[in-house]
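Structure, as structure tokens:
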Amino acid sequence: MTDEHVLDAQAVQGQPGPAAVGSGGAPVVVTPSAAGVTAPEVVLEAVGLTKHFFVGRGPVRRGGTGMGGMRRSLKAVDDVSLELRRGRVTALVGESGSGKSTVARLLAQLYPRTGGDIRLHGDVVNVHGGKAFRAYCRRVQMTFQDPFASLNPVHTVRYHLTRALKIHGHRGSLEQALRDLLMRVQLTPPDRYIGKFPHELSGGQRQRVAIARALGAHPEVLLADEPVSMLDVSIRLGVLNLLRDLKERLQLAILYITHDIASARYFADETLVMYAGRMVEGGDSETVTQLPAHPYTRLLIDSAPDPDRLLPVGVGSGPETDAAGEPPSLIDPPSGCRFHPRCPLALERCKSLSPPRFDIGDRPGHWAACWLYEEPA
Ligand code: SF4
């Protein structure tokens, strides 16, 4: 590691990665590659990542009975493990409130974590602002869902990009670097955009400026939190194609946060599914979206608009699609499998025992945290 990459890091050579430490201890191989193909290098990984937010104390009941007055916490993320690899896109999919954006903020070191590790090239990283945080940001950048809110409305594109270049220690001509950034995100000719304010740009152009600003740091990892969900449908594809182009040309490791599992199939190499703060399924995107194993993933897919599906959602597509109801409260989440109150296939043990990850066995690296896939003893 170079000096700027020290980051209060503690070397953890020789420890197993998440492939060996799936929840419940089940052997899990979260590899994007088909058998026999070497997977690209892991750049950033989370191992057992946990985040609980303190949300005050419960109401005190008369007589002091029950849980009244006790500290309560919102269990936003529980025991999440993932790997981001060079030149690969990993989609993290789930409905609102599932914890996926919190995972991205934890990986960006914007929140302190309650438990687990974040490793950059195998080294545990735990930064709390200052020089170490800036050094980490140089390597791990994040873009946000609302590009308008993430750009200062009183400053031009020139200001946003040159500021990023200066902060991250760019040497050489700022003017040339500014133009290169705009070209890289396909805002051409650059002169047309350099002097514009955020309100003079379309949503897609603002998101491209936000991406250009992130690229100003020359990161290895880009955490893209719902990068297209606030854009018109007609321009979403252009931004996703841009991210794919950057992944290939710059060999970025990209985490793509989305609630749209259909776009994950199109855009991502691997897909991970989150429900109520926990990871429930993972594998290569084609397998997870075409052969979903977890009942919640099936629900997500059946809920996605599909012009090829002639029948209404839930009609004639099996009992798995009948899951209804709302996501649970994360202050007092269901015991056992957190999906069990909504799961039409729930077994008795699902109410009390949290399922570990089980290998599905249909494709390498495909797993689900569901008791239905437990091998008979
Ligand atoms: Fe349904 Fe049980 Fe599987 Fe959870 S573990 S998804 S409740 S079958």
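Because only heavy atoms are used, hydrogens play no part in the values below, and waters and symmetry mates are left out as well, while side chains stay in. Atoms within a ligand are numbered from 1 in the order they appear, just like the ligands themselves.
Near ligand 1, residues H294, P295, C337, F339, H340, C343, L345, A346, C350, P355, C370, W371, L372 each place a heavy atom inside the 4.0 Å sphere around the ligand atoms.
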Distance-only donor-acceptor hits, side chain of residues 344-356, under 3.5 Å, sequence neighbours excluded:
residue: R349; atom: NH1; partner: E374; partner atom: OE1; Å: 2.4
residue: S354; atom: OG; partner: R278; partner atom: NH1; Å: 3.1

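Here D78 does not pair with K51 in a salt bridge; the nearest charged N to carboxylate O distance is not below 4.0 Å. In summary, E270 and R363 do not engage in a salt bridge, as defined by a charged side-chain N under 4.0 Å from a carboxylate O. The existence of a salt bridge linking E175 and R158 is confirmed by a sub-4.0 Å separation between a basic side-chain nitrogen and an acidic carboxylate oxygen.
Checked against the 6.0 Å centroid criterion, the rings of W367 and Y373 do not qualify as a close aromatic pair.
A donor-acceptor pair is defined here as one N or O able to donate and one able to accept, closer than 3.5 Å; no such pair exists between the side chain of D359 and the backbone of G361.
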